Trainee: 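Quick one: the structure is below, questions incoming.
All figures in this text were calculated on a predicted structure; none of them were measured in a lab. Chain letters run A, B, ... following the sequence lines, proteins first and then strands; every chain starts at 1.
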Amino acid sequence: MSSFKSDFLRTLSERGFIHQISDEQGLDALFAKETVTAYIGFDPTAPSLHAGGLIQIMMLHWLQKTGHRAVSLMGGGTGMVGDPSFKDDARQLMTVETIEANIASIKRVFSNYLTYGEGPTDARMINNADWLRELNYLEFLRDVGRHFSVNRMLSFDSVKTRLDREQSLSFLEFNYMILQAYDFVELAKRYDVRLQMGGSDQWGNIVNGIDLGHRMGTKQLYALTSPLLTTASGAKMGKSVNGAVWLNADMLGPYEFWQYWRNTEDADVERFLKLYTTLPMDEIARLAQEAKGSAINEVKKLLATEITALLHGRAAAEAAAETARKTFEEGGIAADLPTVEVPAAELAGGIGVLAAFAEKTGLVASNGEARRQVKGGGLKVNDATVTDDKAVLSERDLTPEGVIKLSLGKKKHVLLKPV
RNA sequence: GGGGGAGUGUCCCGAGCGGCAAAGGGGGCGGACUGUAAAUCCGCUGGCUAUGCCUUCGUAGGUUCGAGUCCUACCUCCCCCA
């Protein structure tokens with residue numbers, strides 16, 4: 001590990017957040033000397049960030065913790081264009097309404113990690129729509145566009161994939177990197193931002209901003225990127241058993257969020273403790289030491305609880321851990337497993353198993369899939385494997401707790417509750 | 001403007017002499033083994049009121065008993081020439 005003098009870079013470095021820095025010594029000196037303002041941009045492509053974005057939020061978190069000023073930039077303007085970096089094909093264009101709604105929804109998560117306000121080390125939430133949407137095309141071309149060389153832009157890896165595959169890269173998308181570069185300069189002017197951070201896929205875009213800053217007379221700007229997140233076996237981060245690992249609670253409950261981290265691969269445990277929890281380094285080292293063989297499961301639970309506590313609060317995290325304990329270790333029924341309510345009268349009339357799994361709980365996508373899962377032995381009702389796809393559920397199937405437990409595989413459970 | 005090529009299962013990549021619900025991967029899901037891990041092996045991976053019916057190969061027509069496959073027009077993309 002390189003020996004950084006500043007708290008911020010040392011912390012990021014020892015926790016494994018750093019992939020590339022534009023000028024290590026220069027940036028380190030800056031952080032050691034003064035309060036630095038740094039930002040990360042978030043694109044409003046969905047109503048919630050997912051686990052992949054967590055690493056960026058954690059970087060801002062440490063930035064604030066070490067006494068600097070964090071800026072979370074919402075891409076209300078750039079979202080109208082769409083980032084083509086390393087994408088295979090063009091994104092669907094989003095309407096302004098969708099973008100605004102997504103931003104409003106995404107924002108909710110940030111205050112769990114950062115303290116916002118007007119004070120010197122309070123974080124700020126800024127939307128680049130503030131300046132991008134008012135740009136005058138001709139002025140922009142003359143002031144900013146003239147500093148960009150298309151020859152150079154074409155050489156970036158981020159667009160090469162698209163070009164190599166002979167897929168179209170629209171002029172609209174091609175402009176994304178110019179807008180992002182301009183953002184950096186604008187933030188430098190307005191808020192004295194000196195550093196932009198992001199995933200390693202953003203390197204080209206960030207460096208463009210630094211160059212533009214040179215030409216437009218800002219102070220020296222810096223870039224810092226985090227490694228691309230994959231699990232030890234190479235899968236992309238942020239995909240869970242049933243889709244993306246959303247951060248917003250209304251899209252993914254604390255229990256399911258906890259489960260995602262509980263299922264971390266052995267080889268990732270220590271890395272994730274460093275990246276996603278705020279546990280001190282010496283404690284992480286101690287935990288990693290302990291985690292030999294199946295004892296690692298205890299560490300995984302702690303990992304899951306710590307990460308969930310940061311996002312959803314300590315109480316919700318512990319409730320999730322308890323639900324998991326009851327469900328997996330006692331084989332019992334925990335009241336706060338995901339629950340679907342059905343009218344008591346409907347249950348009295350009988351509900352086909354296939355319909356219960358497909359339509360009621362959505363554990364499987366269709367009756368056909370439910371049928372296939374029955375064939376493969378993947379569905380269970382109250383822990384008994386379903387063998388007959390014509391079986392019908394009724395009040396007789398209610399457990400003493402007054403629910404019916406439906407399971408897909410060993411890990412996904414939903415309770416059916418008559419009301 | 002002229003010439004040449006491409007678009008396949010709504011996750012992706014990709015084969016496809018006129019009989020095709022469409023090869024093969026990857027990914028995903030389930031099963032076995034385990035530790036709610038990884039690796040490995042096996043099964044599944046259009047929909048439905050289901051020995052049948054419906055919808056799928058860029059879009060719309062046409063030829064044919066029958067079209068992903070042949071013809072026409074259009075859309076989108078790539079390459080070459082102007």
Trainee: Kindly write out the residues that satisfy ring pair (Phe, Tyr, Trp, His ring centres under 6.0 Å) with A/His61, not counting sequence neighbours, or none if the list is empty.
Mentor: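 None.
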Trainee: Do any side-chain atoms of residues 207-215 of chain A form donor-acceptor pairs under 3.5 angstrom with protein atoms, and if so which ones, sequence neighbours left out?
Mentor:
| unit_1 | atom_1 | unit_2 | atom_2 | d |
| --- | --- | --- | --- | --- |
| A/Asp211 | OD2 | A/Arg152 | NH2 | 2.8 |

Trainee: Looking only at the side chain of A/Arg262 (C-beta and beyond, no hydrogens), which of the listed nucleotides B/G30, B/U36, B/G35 gets closest?
Mentor: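 Nearest to the side-chain atoms of A/Arg262, counting from C-beta on, is B/U36.
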Trainee: Would you say the rings of A/Tyr191 and A/Tyr39 are close, in the sense that their centroids are separated by under 6.0 Å?
Mentor: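 Not close enough - the centres of the two rings lie 6.0 Å or further apart.
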Trainee: With the side chain of A/Glu265 defined as its heavy atoms from C-beta on, choose the nearest nucleotide among B/A37, B/C29, B/C48.
Mentor: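 Given the options B/A37, B/C29, B/C48, the side chain of A/Glu265 is closest to B/A37.
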Trainee: Looking at A/Ser366, I'd like to know whether one of its side-chain N or O atoms comes within less than 4.0 Å of OP1 or OP2 on B/G47.
Mentor: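 It does, given that an N or O in the side chain of A/Ser366 lies less than 4.0 Å from OP1 or OP2 of B/G47.
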Trainee: Pair up each side-chain donor or acceptor in residues 106-115 of chain A with any protein partner under 3.5 Å, not counting sequence neighbours, and list the distances.
Mentor:
| unit_1 | atom_1 | unit_2 | atom_2 | d |
| --- | --- | --- | --- | --- |
| A/Arg108 | NH2 | A/Ser105 | OG | 3.2 |
| A/Asn112 | ND2 | A/Val109 | O | 3.4 |
| A/Asn112 | ND2 | A/Leu311 | O | 3.0 |

Trainee: Both A/Asp266 and A/Glu359 contact RNA chain B. Which one's nearest nucleotide lies toward the 5' end?
Mentor: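 Closest to the 5' end, via its nearest nucleotide, is A/Asp266.
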Trainee: Using the test salt bridge (Lys or Arg N to Asp or Glu O under 4.0 Å), find all partners of A/Glu359 that sit at least two apart in sequence or belong to another chain.
Mentor: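 For A/Glu359 there are no salt bridge (Lys or Arg N to Asp or Glu O under 4.0 Å) partners, ignoring immediate neighbours.
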Trainee: For B/A32, does OP1 or OP2 lie under 4.0 Å from any side-chain N or O of A/Lys410?
Mentor: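 Result: yes.
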Trainee: Centres of the A/His50 and A/Phe257 rings: under 6.0 Å?
Mentor: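 Ring-ring flag for A/His50/A/Phe257: false, centres at least 6.0 Å apart.
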Trainee: Let me spell it out: for each of A/Lys301 and A/Asn367, pick the nucleotide of RNA chain B with the closest heavy atom. Which residue's pick is nearer the 5' end?
Mentor: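 Between the two, 5'-proximity favours A/Lys301.
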Trainee: Taking only N and O in the side chain of A/Lys412, is any of them less than 4.0 Å away from OP1 or OP2 of B/G30?
Mentor: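 Affirmative; the distance criterion is met.
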Trainee: Could you list by number each residue of residues 368-390 of chain A showing a heavy-atom separation from RNA chain B of less than 4.0 Å, or answer none if no residue does?
Mentor: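 Those residues whose heavy atoms fall under 4.0 Å from RNA chain B, taken from residues 368-390 of chain A in numerical order, are A/Gly368, A/Arg371, A/Arg372, A/Gln373, A/Gly376, A/Gly377, A/Gly378.
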Trainee: So that I know where these two stand, are A/Tyr276 and A/Trp261 an aromatic pair - ring centroids less than 6.0 Å apart?
Mentor: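 When the ring centroids of A/Tyr276 and A/Trp261 are compared, they turn out to be within the sub-6.0 Å range.
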Trainee: Quick one: does A/Leu247's side chain get under 4.5 Å of A/Leu54's, heavy atoms only?
Mentor: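 In contact.
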Trainee: Grab the N/O contacts between the protein and nucleotides 52-56 of chain B below 3.5 Å, and write none if there aren't any.
Mentor:
none

